[in-house]
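Below is one structure, written out as structure tokens; comments come after it.
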Amino acid sequence: MTADKTAKDIRNMRIRGALDIAIAAARAMRKELDGKSTAAVISNLKKSGKTLKAARPTAVSLPNAVDYVLYLAEKNKKLDAGEFTRTTSKDIQKFIDDQERALERIAEIGANLIDSNDTILTHCNSDTVVALFERARKEGKKFKVICTETRPRFQGHLTARALAKAKIPTTLVVDSAARLMMKEFKVDKVIVGGDTVLANGDLINKIGTSQIAVAARDLDIDFIAAVESIKFSPRSIEGEMAKIEYRDTKEVIKPGKIRGIKVLNPAFDITPAEMIDMLITEEGIIPPQGAYHLLREKFGWDLSSF
Ligand code: RUB
């Protein structure tokens with residue numbers, strides 16, 4: 001798929017979820033390695049990268065993937081043209097494979113955190129969290145999941161469908177039922193995915209996540225986020241915090257249905273680090289306050305340009 005088509009699919013959410021959009025962007029750029037000259041290819045990659053980055057503003061996995069591909073291309077630019085294409089293509093493929101492995105590793109580590117008879121609440125649709133649940137199920141753990149419908153686009157339905165397929169007992173509730181369900185069903189843990197982790201450990205995820213974290217803290221329930229390191233924001237070290245995406249208000253209400261009001265449709269919110277008990281990453285479990293160190297370790301290639 002071309003970068004333009006990929007960007008369009010990310011914009012209209014045919015491709016969605018922080019990890020998937022990062023992988024899709026890298027795949028699209030990998031297809032653009034042939035050209036008249038290495039300089040022309042790099043210039044084209046930069047142009048495509050800009051279009052891809054602009055497709056959705058919040059998940060930092062997207063600019064991270066684009067910047068990493070550009071870094072790889074720059075690293076290889078002194079090779080002769082054929083070798084440049086082959087090596088860069090291989091390097092990008094390794095990046096994609098690493099992302100898929102990161103998800104599996106998180107699923108493996110996260111499954112260890114699930115105890116038989118647990119009731120776990122999740123929000124939105126995270127491939128990483130679904131993989132973690134599937135893994136725990138395969139290991140024979142018997143647990144229940146409560147998932148929120150996640151208005152306005154109902155990504156919770158995707159979660160419910162995937163969990164039903166994996167034969168995990170699942171209950172779907174409206175978003176505003178989260179706290180009551182936590183209390184009534186004695187939820188043991190909340191596990192969510194994430195779009196961006198800032199250097200201070202704050203987590204940006206689907207709108208409503210922070211309210212769930214507040215309820216979890218109030219009820220003394222562990223709040224856990226499963227996040228690959230590609231979702232950590234190197235630029236937040238420099239004070240560049242993520243931008244919250246506001247989507248089309250048509251997703252909330254038919255235009256003109258109620259006259260004389262303003263409608264807003266923020267798609268993400270920020271859960272402060274102090275509300276988060278742990279982050280499950282492919283490097284292991286870390287406290288959110290460990291985000292800075294993980295960034296330094298994983299993003300050396302990028303941070304060196306600061
Ligand atoms: C999806 C969302 C997910 C994260 C993590 O939002 O908030 O929790 O992206 O997902 P949207 P994953 O539907 O607006 O993209 O674990 O699959 O990367």
Side-chain angles (χ1 to χ4, degrees), residues 16-27 29-30 49 52-53 56-72 75 91-113 124 126-132 135 191-206 209 223-242 268 270-273 276-306:
R16 50 153 295 284
L19 193 64
D20 277 0
I21 61 180
I23 291 174
R27 266 202 193 114
M29 290 174 85
R30 186 168 171 256
L52 286 161
K53 279 185 186 182
R56 285 192 82 186
T58 300
V60 82
S61 51
L62 180 57
N64 281 349
V66 167
D67 287 345
Y68 190 63
V69 170
L70 292 175
Y71 158 81
L72 292 172
K75 170 178 83 67
D91 285 351
I92 298 175
Q93 190 53 49
K94 180 179 180 306
F95 168 76
I96 294 168
D97 295 344
D98 283 349
Q99 301 318 308
E100 285 160 357
R101 262 194 299 272
L103 177 145
E104 282 161 27
R105 181 75 186 122
I106 291 176
E108 195 183 338
I109 297 168
N112 291 336
L113 292 175
C124 194
S126 155
D127 282 351
T128 312
V129 174
V130 168
L132 183 164
R135 171 91 193 205
I191 307 182
V192 295
D195 288 85
T196 293
V197 180
L198 301 175
N200 65 358
D202 288 0
L203 172 79
I204 303 179
N205 192 47
K206 181 56 50 182
T209 303
F223 182 92
I224 301 165
V227 276
E228 294 79 5
S229 57
I230 192 71
K231 296 167 181 172
F232 286 60
S233 165
R235 278 178 187 75
S236 64
I237 291 182
E238 292 282 294
E240 192 182 307
M241 299 312 189
F268 298 95
I270 306 175
T271 301
I276 302 167
D277 289 282
M278 61 183 106
L279 301 175
I280 313 171
T281 76
E282 72 272 24
E283 301 299 325
I285 287 169
I286 61 167
Q289 292 76 10
Y292 174 81
H293 295 287
L294 189 135
L295 274 164
R296 282 276 166 211
E297 195 180 302
K298 283 273 178 176
F299 287 82
W301 57 272
D302 191 22
L303 296 171
S304 60
S305 64
F306 285 154

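Of all the heavy atoms in Ala65 and Ile230, the pair that sits closest is N-CD1, 4.2 Å. For the residue pair Leu203 and Gly194, the shortest heavy atom distance occurs at CD1-CA, 3.9 Å. Considering every non-hydrogen atom in both Met241 and Ser236, the closest pair reads SD-CB, 3.8 Å. The two residues Arg16 and Arg56 come nearest to each other via the heavy atoms CB-NH1, 4.2 Å. For Pro288 against Ala273, the heavy-atom pair with the smallest separation is CG-O, 3.4 Å. Between Thr196 and Ala242, the shortest heavy-atom contact is CG2-CB, 4.1 Å.
Two residues are said to be in side-chain contact when any heavy atoms from C-beta on lie closer than 4.5 Å; Leu279 and Leu294 fail this criterion. Side-chain atoms of Asp127 and Leu19, non-hydrogen and from C-beta on, never get closer than 4.5 Å to each other. Arg235 has its side chain out of reach of Val60: every pair of non-hydrogen atoms, C-beta onward, lies at least 4.5 Å apart.
With values rounded to the nearest 0.5 angstrom, Asp202 atom CG is found 9.5 Å from Gln289 atom CD. Atom OG of Ser61 and atom CD1 of Ile21 lie 4.5 Å apart (nearest 0.5 Å). Rounded to the nearest 0.5 angstrom, Leu198 CG and Tyr292 OH are separated by 14.5 Å. Atom OG1 of residue Thr209 and atom CG of residue Asp195 lie 8.5 Å apart, to the nearest 0.5 angstrom. Note that CZ of Phe223 and OG1 of Thr271 are 4.5 Å apart. Values are rounded to the nearest 0.5 Å. The CD1 atom of Ile280 lies 7.5 Å from the CD1 atom of Ile106; values are rounded to the nearest 0.5 Å.
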(request) Carefully, step by step, assess Met278 and Leu113 under the rule side chain to side chain contact (heavy atoms under 4.5 Å, CB included). (result) CA-CA 11 Å; Met278 61 183 106; Leu113 292 175; 4.0 Å; yes

(message) Does Gln93 form a side chain to side chain donor-acceptor pair (under 3.5 Å) with Asp97? I'd like the steps, not just the answer.
(response) CA-CA 6 Å; Gln93 190 53 49; Asp97 295 344; 2.9 Å; yes

(message) Before you tell me yes or no, could you show the steps for Met29 and Leu70 under side chain to side chain contact (heavy atoms under 4.5 Å, CB included), namely the whole-Å CA-CA distance, both residues' side-chain angles and the distance that decides it to 0.1 Å?
(response) CA-CA 9 Å; Met29 290 174 85; Leu70 292 175; 3.9 Å; yes

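The neighbour count for Lys75 NZ, taken as heavy atoms of other residues, nucleotides or ligands under 6.0 Å away, is above 12.
Aromatic rings from Phe232 and Phe299 are positioned such that their centres are separated by 6.0 Å or more.
Results of the salt bridge (charged side-chain N to carboxylate O under 4.0 Å, His left out) test with Glu282 over Arg105, Lys298, Arg101 single out Lys298 as the only residue that passes. Each of Thr128, Leu132, Val130 was scored for a side chain to side chain contact (heavy atoms under 4.5 Å, CB included) with Leu103, with one residue passing: Thr128.
No donor-acceptor distance shorter than 3.5 angstrom exists from the side chain of Asn64 to the backbone of Lys231, with no hydrogens or angles considered.
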